[in-house]
There are 2 protein chains.
Amino acid sequence: MSTIKDIARHAGVSAATVSNVINETRYVSPELRDRVMAAVSELEYRPNAVAKSLRKKRTSTIGLIAPDNSNPFFAEVAKGVEDAGFRAGVSVILCNSDSSFDRECSYLQLLSDKQVDGIIFIATTPEIDHLTRLIDPRLPMVVFYRQSDRLMTDSLVVDNFGGGYLATQHLIELGHRHIACVAPASTNSPSSLRVSGYRQAMEDAGLAVEDELLFRGDNRFSGGRDGARHLLAGTRRFTALFAGNDVMAVGAIREFRDQGIDVPRDVSVAGFDGIALGEVTIPALTTIVQPRYDAGHRAFGLLYQRIEEGYNGPPRHESLGIELVVRESTMPLAQSQKESK
Amino acid sequence: MSTIKDIARHAGVSAATVSNVINETRYVSPELRDRVMAAVSELEYRPNAVAKSLRKKRTSTIGLIAPDNSNPFFAEVAKGVEDAGFRAGVSVILCNSDSSFDRECSYLQLLSDKQVDGIIFIATTPEIDHLTRLIDPRLPMVVFYRQSDRLMTDSLVVDNFGGGYLATQHLIELGHRHIACVAPASTNSPSSLRVSGYRQAMEDAGLAVEDELLFRGDNRFSGGRDGARHLLAGTRRFTALFAGNDVMAVGAIREFRDQGIDVPRDVSVAGFDGIALGEVTIPALTTIVQPRYDAGHRAFGLLYQRIEEGYNGPPRHESLGIELVVRESTMPLAQSQKESK
DNA sequence: CTGTTAGCGCTTTCAA
DNA sequence: TTGAAAGCGCTAACAG
């Protein structure tokens, strides 16, 4: 691998000149420019990005910390980030936290040590203030779902409470009275806010939230299955289910089916997230759609403004729009159900 | 941010000594060690990984190039890579090629410029020999699904042909005679080998492969839908479908349903990949399961042996086991179907 | 046992 | 309009 010095020697110019023609950073006479270019292609020179980073204190790399890239929701967000990054010439380091506080810490440190230009952080632990204290506060960071006044980071939030409310309200309007809920076990704000929205909608409609109908599991297909199994094993009847996210909704629907319960005929199920998968499952999922790909894009944009465009103002808190999309997994409470339960 | 020199000064030792205590790279007397440690924690010193990389010619970073991280199959492989990397202290740069040759090139260059220690490449373009010529052949690389003698890279392959054969044979054994096929449009070897396996199984059973029953679309839910729509619009009857991958299978099942065709009653569908999703769809997917997470792990392992463990031998070509898992989306050809078609 | 020195490959003053 | 020189923060000879 040839270095800038090899090119300089080969072209009979100084290293500075080589650098200047490559980066178009100051005028270089046509003759020299040509000689440099020739040397560059002859020796197949490629600038060493590590050296450049050390010198410029800029790596053109950001980190993306998310719980689990194999969950379609995070995968779709990640794709938005990667895509925006690619266009802007910045690469993204993929970090799965596995919803573990320790792993979040490790990655935060690692990224900071690697001198990334910024971090996109989909946090799952509540102690986020502690986390950010781990790293230089000047390191640009955009956090999903958390907004803290003590935190000087930008954030991208979604109205989780409103979404939970909306989904539950939809179920209530369909005539359901006994509505169960499954949500991620983590006490992280996104899912608990969704559950709060569920509670509020129930309360506003004068319906009781029965503890037995509230299940917390892990944020995967299996979590949804566990929830459904648990609910079915309980003594309380229900005709509808609000799942804290689509993946759990799909898992729950499957478990219902395995136990002879049809969705939506016997139980209506509403999810949250709007992952692509929800459009093709049978039944297609009624859910609160949030823009995943676009969220990734916007998160990157926020970061980029600080990294490249010199924005240095106060933290910004943008919010993502959500929308109730009614598909096949919910339906009006049937007369037969009303009578039997 | 303090540097190693700050620590050295603060502890009254040389930079070399600081480096040596931090990296435990040679014996340092307890006194000095303590002083260094004290300075490190007082100044909250963190070594700059970029500087270290420049010096050591090692970045502890690898690149992962895959078509699309939001496709569950690649997502699950990526997770395996990331997880193995995390444990070994190497970070992974996420690169979506979007199945575009240009983008594969860009990323290969980028990664190489960034001095990554290795690349895991899930290639989708046939011109892979050209691609690898873009970068230093000494850069460790493990390629998925391609095995080229001209290529000096390690590879991880799966018996795509055998899998396609197996899935089709399963359909044939169920009594199906008119078996359609949808597969990714790319002429990349994985999917075309799967289709070849399908063809061979048909031929071995004395069945005709009808061109009209072969559809190529994109490797997403929508590709599967397109395939189903196309097949249904055609004049040829079919009672079963082999989909080149699970995502297309799920899309196809959904489209069938939208057009009043029930799977598996009216049409049996078999997929390929074994993504987690296939266990929870309704109907659950009959498919050729390949180890996704484990594949990522193993790919990383191969790379790591070259990066860290000094392996410098000839290219290795490992293969991943596959398995036919029969679930709900396939069933014996019903008498009624036999008569009507 | 530890410190000095050189240098990884690049960019950026500064000087000409 | 260009070159020389310094230096980003670290590690690895080499000396002592």
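Keep in mind it's a predicted model, so treat the numbers as computed, not measured. Letters A, B, ... mirror the listed sequences (proteins, then strands); counts begin at 1.
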- Message: Please confirm whether the shortest side-chain N or O distance from S29(A) to OP1 or OP2 of dT2(D) is below 4.0 Å.
- Response: yes
R55(B) CZ to dA13(D) P, in whole Å, measures 8 Å
note: R26(B), atom CZ; dT11(D), atom P; distance rounded to Å ~ 12 Å
Rounded to whole Å, CG of D113(B) lies from P of dC8(C) at a distance of 19 Å
Item to complete: Give a yes/no on whether any side-chain N or O of T3(A) is located under 4.0 angstrom from OP1 or OP2 of dG9(C).
Response: no
- Checking side-chain contact (heavy atoms from CB on, under 4.5 Å) for the pair N48(B)/D113(A): CA distance, chi angles, key distance, verdict? CA-CA 6 Å; N48(B) 179 322; D113(A) 291 351; over 6 Å; no
Handout entry: Phosphate contact (dT2(D) OP1 or OP2) by S14(A) side-chain N/O below 4.0 Å
Key = no
Rounded to whole Å, the CD1-P distance (I4(B) to dA6(C)) equals 18 Å
Just say parallel, tilted or perpendicular for the rings of Y107(B) and F86(A), cut-offs at 30° and 60°.
-> tilted
Is the phosphate of dG9(C) approached by K52(A) (side-chain N or O, under 4.0 Å from OP1 or OP2)?
no
Here the distance between atom P of dC8(D) and atom CG of L54(B), to the nearest Å, is 13 Å
Phosphate oxygens OP1/OP2 of dT11(C): is one of them under 4.0 Å from a side-chain N or O of N23(A)?
yes
task: Mark yes or no for whether D117(A), through its side chain, and R58(A), through its backbone, hold a donor-acceptor pair below 3.5 Å.
output: no
Is the shortest side-chain heavy-atom distance between V77(A) and Y293(A) below 4.5 Å? no
Here the distance between atom P of dG3(C) and atom CD of E31(B), to the nearest Å, is 12 Å
note: D6(B), atom CG; dG9(D), atom P; distance rounded to Å ~ 9 Å
Quick one: label V13(B) by what it contacts on the DNA or RNA (base, sugar-phosphate, nothing), any heavy atom closer than 4.0 Å.
-> sugar-phosphate
- Message: Does dT11(D) have its OP1 or OP2 closer than 4.0 Å to a side-chain nitrogen or oxygen of K57(B)?
- Response: no
To the nearest angstrom, the CD1-P distance between I7(A) and dG9(C) comes to 13 Å
Using a cut-off of strictly less than 4.0 Å, decide whether T17(A) has a side-chain nitrogen or oxygen near OP1 or OP2 of dG3(D).
yes
So CD of E318(B) and CG of L302(B): to nearest 0.5 Å the spacing works out to 5.0 Å
Check: Taking atom types as they are modelled, is there a donor-acceptor pair under 3.5 Å from the base of dG3(C) to the side chain of R9(B)?
Finding: no
